[in-house]
**Student:** 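A single structure is presented below for examination.
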Amino acid sequence: GENVEQHPSTLSVQEGDSAVIKCTYSDSASNYFPWYKQELGKGPQLIIDIRSNVGEKKDQRIAVTLNKTAKHFSLHITETQPEDSAVYFCAPGGGYNKLIFGAGTRLAVHP
Amino acid sequence: GAVVSQHPSRVICKSGTSVKIECRSLDFQATTMFWYRQFPKQSLMLMATSNEGSKATYEQGVEKDKFLINHASLTLSTLTVTSAHPEDSSFYICSAKRSDSSYNSPLHFGNGTRLTVT
């Protein structure tokens with residue numbers, strides 16, 4: 001099955017700084033790479049995703065980059081704001097029509 | 001669009017009783033829904049894949065007789081925790097995939113149900 005590792009587990013930044021979270025996966029058949037944001041007491045919400053035929057995707061302050069050869073993809077948040085504070089999960093989609101979630105990264109953005 | 005409603009948001013029950021959690025896709029059809037369990041400050045653990053009109057597929061280590069899943073329509077899946085015990089206390093989250101989506105595509109999540117068994 002898919003092994004997913006996410007780093008770092010916690011990340012603390014000052015407002016306005018950038019944050020980068022990396023996700024490593026094992027299944028070479030994975031072809032879908034989403035990032036989810038979970039706020040306290042809520043379900044995860046998709047914030048950005050990418051498919052294996054694309055190396056990078058950007059949506060305003062959020063971007064995802066994919067290195068399929070090395071089997072990792074990263075979430076980049078620029079100009080961080082306090083409302084970006086949450087837990088972020090990667091969940092690469094392998095060949096089993098299901099998503100396996102990473103352990104999560106707790107991001108704290110300090111004003 | 002793509003709203004998933006999960007009910008109840010919180011439930012407290014006594015040990016030995018059963019609890020049913022509903023997951024509804026409000027504005028789309030979902031052939032496949034997924035049930036996750038999440039312990040405090042931990043990741044989401046996939047419990048089972050629910051397919052409309054057929055039996056659910058359970059992940060290794062998840063007791064199918066303990067966690068009954070029914071997916072009787074394209075917009076509703078239910079999870080029943082039978083004979084609940086304190087160790088079943090957790091945050092249960094459902095997600096749904098649009099029927100018209102591709103093999104690996106976004107999941108839309110409900111807001112979870114916090115179950116406390118006393």
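By convention in this document, chain letters (A, B, ...) are assigned in the order of the sequence lines, proteins followed by strands, and residues within each chain are numbered from 1.
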**Student:** What distance separates B/K97 NZ from A/L99 CG, expressed to the nearest 0.5 Å?
**Tutor:** 6.5 Å
**Student:** Is the NE2 atom of B/H7 crowded by more than 12 outside heavy atoms at less than 6.0 Å?
**Tutor:**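 12 or below, so no.
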**Student:** Any chain of hydrophobic side-chain contacts (each under 4.5 Å) joining A/V54 to A/V64?
**Tutor:**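 Same cluster.
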**Student:** Which atoms of A/Q45 come close to chain B, meaning under 4.5 Å heavy atom to heavy atom: side chain ones, backbone ones, both, or neither?
**Tutor:** side chain
**Student:** What part of B/L44 is in contact with chain A, defined as an atom under 4.5 angstrom from a non-hydrogen atom: side chain, backbone, both or neither?
**Tutor:** both
**Student:** When you look at NZ of B/K55, are more than 12 heavy atoms from neighbouring residues, nucleotides or ligands closer to it than 6.0 Å?
**Tutor:** no
**Student:** Looking at CD of B/E59 and CD1 of A/I100, how far apart are the two atoms once the value is rounded to the nearest 0.5 Å?
**Tutor:**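 Reported value, rounded in 0.5 Å steps: 6.0 Å.
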**Student:** So, B/N111 side chain and A/G43 main chain: donor-acceptor pair closer than 3.5 Å or not?
**Tutor:**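 Yes, B/N111 side chain to A/G43 backbone: donor-acceptor pair under 3.5 Å.
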**Student:** Which region of B/Q60, side chain (C-beta onward) or backbone (N, CA, C, O), has a non-hydrogen atom less than 4.5 Å from a non-hydrogen atom of chain A, or is it both or neither?
**Tutor:**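 Neither the backbone nor the side chain of B/Q60 comes within 4.5 Å of chain A.
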**Student:** Examine whether an atom of A/P44 lies under 4.5 Å from a heavy atom of chain B, and if so say whether it belongs to the side chain, the backbone or both; otherwise answer neither.
**Tutor:** both
**Student:** Roughly how far, to the nearest 0.5 Å, is CZ of B/F109 from OH of A/Y36?
**Tutor:** 5.0 Å
**Student:** Looking only at heavy atoms, what is the nearest atom pair of A/F89 and B/Q38, with distance?
**Tutor:**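 Between these two residues, the closest heavy atoms are CZ-NE2, 3.8 Å.
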**Student:** Which pair of non-hydrogen atoms, one from B/S43 and one from A/A103, has the smallest distance, and what is that distance?
**Tutor:** CB-CA, 3.8 Å
**Student:** Between A/Q38 and chain B, with a heavy-atom cut-off of 4.5 Å, which part of the residue counts as in contact: side chain, backbone, both or neither?
**Tutor:** side chain
**Student:** Should A/I21 and A/F101 be counted in the same cluster of Ile, Leu, Val, Met, Phe, Trp and Tyr side chains packed under 4.5 Å apart?
**Tutor:** no
**Student:** Any link between B/F39 and B/W35 through a network of hydrophobic side chains (Ile, Leu, Val, Met, Phe, Trp, Tyr) touching at under 4.5 Å?
**Tutor:** no
**Student:** Do other residues, nucleotides or ligands put more than 12 heavy atoms under 6.0 Å from A/E15 CD?
**Tutor:** yes
**Student:** Would you say B/Y36 ends up clustered with B/M45 if hydrophobic residues are merged whenever their side chains have heavy atoms under 4.5 Å apart, either directly or through other cluster members?
**Tutor:** no
**Student:** Which one of B/I93, B/V4, B/L107 has the most heavy-atom pairs closer than 4.5 Å to chain A?
**Tutor:** B/L107
**Student:** Please tell me whether A/V109 and A/L11 are part of a single hydrophobic cluster in this structure, the criterion being side-chain heavy atoms less than 4.5 Å apart.
**Tutor:** yes
